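To keep things clear, I will list the structure first and then write my remarks on it.
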Amino acid sequence: MPASQPRHRRRGFSHRCLPTPQTAMTPQPAGPPDGGWGWVVAAAAFAVNGLSYGLLRSLGLAFPDLAEHFDRSAQDTAWISALALAVQQAASPVGSALSTRWGSRPVVMVGGVLASLGFVFSAFARSLLHLYLGLGLLAGSGWALVFAPALGTLSRYFSRRRVLAVGLALTGNGASSLLLAPALQLLLDTFGWRGALLLLGAITLHLTPCGALLLPLALPGDPPAPPRSPLAALGLGLFTRRAFSIFALGTALVGGGYFVPYVHLAPHALDRGLGGYGAALVVAVAAVGDAGARLVCGWLADQGWVPLPRLLAVFGALTGLGLWVVGLVPVVGGEESWGGPLLAAAVAYGLSAGSYAPLVFGVLPGLVGIGGVVQATGLVMMLMSLGGLLGPPLSGFLRDETGDFTTSFLVSGSLILSGSFIYIGLPKALPSCGPASPPATPPPERGELLPAPQAVLLSPGGPRSTLDTTC
């Protein structure tokens, strides 16, 4: 009997001294905390989104001044935002891989410094090439390091209220546009485009303290150690999953038109006869509708009344139709007019686009599991970069050829509608043809939209069950 005690102590001692790498650093909770520090992370992601996409959406107000100063066309200046979007999104898997290896905090902080330097460098530009390098390459690289790690970290902190939290973070886009659009126009009128870019560089530096708030969180679905090979760190194996491949194809098509209003909504308003502040108002009201819809749609999606893939397809289609309406709005009276029809169309577009945005990232944990959500976020951003690179220059080319942005917005809306049609192939995107009990839901770290063994539910009519049908 005494001899068995040392063996028991040795086994216990061995278990305590050889934990996995992640549990040695951070104790693993039973699941996402669904609150607590997660709301601080949501606030940080809100600011990150506002200082990246929100700032990029308002930057189109400076393009007429840049085109006039360098004597270039709308297509040439559109490449500034197109390059920034493409670099930001194409390099997002790199940001995800670095955050998987080193953590999100240092990666986001370094990205904030790079984005700020890009604006400062561009303030001293002597040609459009300098703007391509400063805003397109340098600032775009900084943004690539901040968005995917921040949003992926936020998704790990929430389960039941995940889409609402993501929607709250993504309202930073609309809130920033609401504030920065008129502020940027005032800066352009007061200091010129060089002074405006210099001040925007100082504002962008606030991304660095936002990164410091992203505390790491270990969850049961995490791998025992960070991936060592570059391919594994990038998460390219996710493309072997059919549902994620369908989602990736649809998102790439949507990206071809989704970012055109970020660049050309303000110039389109100017072409329709509005003045500078009238165009800024159009951008602002679209941003308000966008921000409000992200919160409402996030709350709606978390209720479980309608499957997320179905909501994704519906609101994606409405976004494409909204762009058609924006493009077909007639010319307004003059610079003194507020452009009521264009304002109404911009609100309709903002509501639909804002409803679509949180669903894109909210559906990812169900497709890939919570352990792969950071990598999946980076891959989604990379796929959207294909459209972000081609969409705005194509829109500028069509404007130069036709004399206005009508054709540009019609083509952009058609691309978004095509991508929304692809989403129909996702699980639960369409209802089936007969009533059935909902299947068992896998644990969140696995992905609730992935195939699961059939099981009998004790309460199929519970408050969070989704009524669906099957043959």
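Sequential numbering from 1 along the given sequence is applied to the chain's residues. Here the structure is a predicted model, which means the values were calculated and not measured.
- In this structure, Y349 has its ring center no closer than 6.0 Å to that of F409.
- Between Y132 and L137, the closest side-chain pair of non-hydrogen atoms is not below 4.5 Å.
- Listed by chain and residue number, nothing satisfies the ring-ring contact (aromatic ring centres under 6.0 Å, His included) test with F63 (two or more places apart in sequence, or in another chain).
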Tell me which donor-acceptor pairs under 3.5 Å the side chains of residues 375-384 have, and how far apart each pair is, sequence neighbours excluded?
from: Q375; atom 1: NE2; to: A232; atom 2: O; distance (Å): 2.9
from: Q375; atom 1: NE2; to: A233; atom 2: O; distance (Å): 2.9
from: T377; atom 1: OG1; to: V373; atom 2: O; distance (Å): 2.7

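- Side-chain contact, S96 with R101: no donor N or O sits under 3.5 Å from an acceptor N or O.
- Atom-to-atom distance recorded for L133:CG and L129:CG is 4.5 Å, nearest 0.5 angstrom.
- In this structure, a donor-acceptor pair under 3.5 Å is present between the side chains of T153 and S104.
- In this structure, L342 and H268 have side chains that are in contact, with non-hydrogen atoms separated by less than 4.5 Å.
- Residues that satisfy the ring-ring contact (aromatic ring centres under 6.0 Å, His included) test with F70, not counting sequence neighbours, are W193.
- Looking at Y423 and T251, their side chains do bring a donor and an acceptor atom within 3.5 Å of each other.
- W39 has its ring centre less than 6.0 Å from the ring centre of F158.
- In this structure, H130 and F121 have perpendicular ring planes: the angle between them is above 60°, well past the 30° mark.
- Atoms CG and CG, on L367 and L238 in that order, are 10.0 Å from each other to the nearest 0.5 Å.
- Using a 30° and 60° split on the angle between ring planes, F259 and Y53 fall in the parallel class, below 30°.
- Annotation: F239, atom CZ; neighbour count of heavy atoms from other residues, nucleotides and ligands within 6.0 Å is above 12.
- Across all their heavy atoms, S73 and A67 have their closest contact at O-CB, 4.5 Å.
- Here the closest heavy-atom approach between residue L274 and residue L270 is recorded as O-CD2, 3.5 Å.
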